[in-house]
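Here the structure is a predicted model, which means the values were calculated and not measured. Nothing fancy with the numbering, it's 1 onward along the sequence.
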Amino acid sequence: MSQQRSSPPPQSGPAAPAEHAWLAAHAARVRVLQPGLRVHADDAIDALDATVQGHCAPGLHLVFLLEGGLDIAYGERRVLMSTAADDGCVQAAHGGARRAGGQPRCVMVNATEPESFSRRVRHGGYARRLSLCMSHDWLHQLQAASGTRMPAALEALLSGHLALRDWQPSARAVALAEQVLHPPACAPMMELLYQDSRLLDLLAEALAPLQAGEPAARPGPAPNAALARRLRDLREFLGSAAADTLSLDDITRHAGMNANTLQRHFRRAYGTTVFDFMRESRLQRARTALERDGISIKQAAALAGYGSAANFATAFGRRFDMAPKEARRAVQR
């Protein structure tokens, strides 16, 4: 989508250059992956108060908010998103959904025709997010190449102007989005390939429920703010090296709840079990260390919690579709 600032009106004095710089930085973060497929990645604190306005191209727009808040509108369809534990939601005009806080959010909005777009930004506001736009032509070409019919749920979504679908991202989807926003240090060309592969993987995750014809996910009762904060803090702790050697009993004592309650709340909040999340986190850390630091395969296996380099290589290949030694090539070059 193209964007330009239209409110508040242009100012004279020191504020105007700051606004111009903000818009220029925003435009620089928009990238075309393929004809008909665009992405905008952002991890920034807003430095001004303004309403950004522009035009939204026809297509399926996916907005993935990892942390912070967004106030956006497609035509008359306003979407408020927040990951705050006390007021987190995906809320839309005309029957939008509200969800429990403290977790990433994702929403898909379809535009069958050109539409206005706006985003309200506030000084000091923060958003870590990805926005992807898939043109209808790109989706239909993908469908034609597959030799199958368009999934009914996806076809229904694409037929409605400003149709909205709320999607609960999995732990894997969250990990992929984080990798796109913060790729390991490598040559610029390799970094683009790294990000593009994860973006396509992320799209497959997002479209999979539509392929399967599943209804939009509906969460259970919203946890209270205190529980949401505890789960968020626990998730951050479990993703760190400090939790690598802990047993389930250790984790339940740390969390202050019994195992069944912990697993139920954790799965409801993040779509995965405690140990599946820890396994994914350790594999991701091992991959980052291979790609960024060039550690040995044996060291990476230990980092991921495997006593056998062969078993680690099998798990690594199953998860990332590549051998650990391939991950080391970027730093070796």
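Side chains of Gln195 and Leu33 form no contact here, defined as non-hydrogen atoms less than 4.5 Å apart. Looking only at side-chain heavy atoms (C-beta outward), Met190 and Leu193 come within less than 4.5 Å of each other. Two residues are said to be in side-chain contact when any heavy atoms from C-beta on lie closer than 4.5 Å; Phe64 and Leu132 fail this criterion. Annotation: side chain of Arg105 is not in contact with side chain of Asp166 (no heavy-atom distance under 4.5 Å). The shortest distance between side-chain heavy atoms of Leu158 and Met150 falls below 4.5 Å. Contact annotation: the side chain of Arg264 never approaches that of Met257 to less than 4.5 Å [non-hydrogen atoms, C-beta and beyond]. No side-chain heavy atom of Phe312 sits under 4.5 Å from any side-chain heavy atom of Lys298. With a 4.5 Å cut-off on side-chain heavy atoms, Asp71 and Arg78 count as touching.
Under a 3.5 Å cut-off, the side chain of Arg198 and the backbone N or O of Ala177 do not form any donor-acceptor pair. Side-chain atoms of Gln263 come within 3.5 Å of backbone N or O of Val274 as a donor-acceptor pair. The backbone N or O of Asp244 lies less than 3.5 Å from a partner atom in the side chain of Arg282, making a donor-acceptor pair. Judged by distance alone, with hydrogens and angles left aside, the side-chain atoms of Glu113 form no donor-acceptor pair with the main-chain N or O of Pro58 at under 3.5 Å. Checking side-chain atoms of Asn258 against main-chain N and O of Asn260 turns up a donor-acceptor pair under 3.5 Å. Of the possible polar contacts, none joining the Glu291 side chain to the Ala327 backbone as a donor-acceptor pair under 3.5 Å is found. A distance-only check finds no donor-acceptor pair linking the side chain of Asp42 to the backbone of Arg129 [under 3.5 Å]. Judged by distance alone, with hydrogens and angles left aside, the side-chain atoms of Arg328 form a donor-acceptor pair with the main-chain N or O of Gly294 at under 3.5 Å. Of the possible donor and acceptor atoms, none in the side chain of Asp43 sits under 3.5 Å from a partner among the backbone N and O of Arg128.
Using a cutoff of 4.0 Å between basic side-chain nitrogens and carboxylate oxygens, Arg31 and Asp196 are scored as salt-bridged. Asp233 and Arg230 are not joined by a salt bridge, as no carboxylate oxygen comes within less than 4.0 angstrom of a charged side-chain nitrogen.
In this structure, a donor-acceptor pair under 3.5 Å is absent between the side chains of Thr252 and Asp249.
Expressed to the nearest 0.5 Å, how far SG of Cys133 lies from NE2 of His61 amounts to 4.0 Å. With rounding to the nearest 0.5 Å, the separation of CG in Leu48 from CG in Asp46 is 6.5 Å. Distance check, rounded to the nearest 0.5 Å: CZ of Phe316 to CZ of Arg287 gives 5.5 Å. Note: Arg120 CZ to Leu80 CG = 8.5 Å, rounded to the nearest 0.5 Å. Interatomic distance, CZ of Arg119 versus OH of Tyr74, reported as 11.0 Å (0.5 Å rounding). Here the OG1-CG distance, from Thr83 to Leu66, works out to 8.5 Å after rounding to the nearest 0.5 Å.
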Intermediate values then yes/no, side-chain hydrogen bond (donor to acceptor under 3.5 Å, both in side chains), Asp250 and Ser247: CA-CA 5 Å; Asp250 294 330; Ser247 67; 3.1 Å; yes
Step-by-step side-chain contact (heavy atoms from CB on, under 4.5 Å) determination, Leu202 to Leu130: CA-CA 10 Å; Leu202 182 59; Leu130 290 174; 3.8 Å; yes
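When each of Leu62, Val79, Leu70, Ile72 is checked for a side-chain contact (heavy atoms from CB on, under 4.5 Å) with Val107, only Val79 meets the rule.
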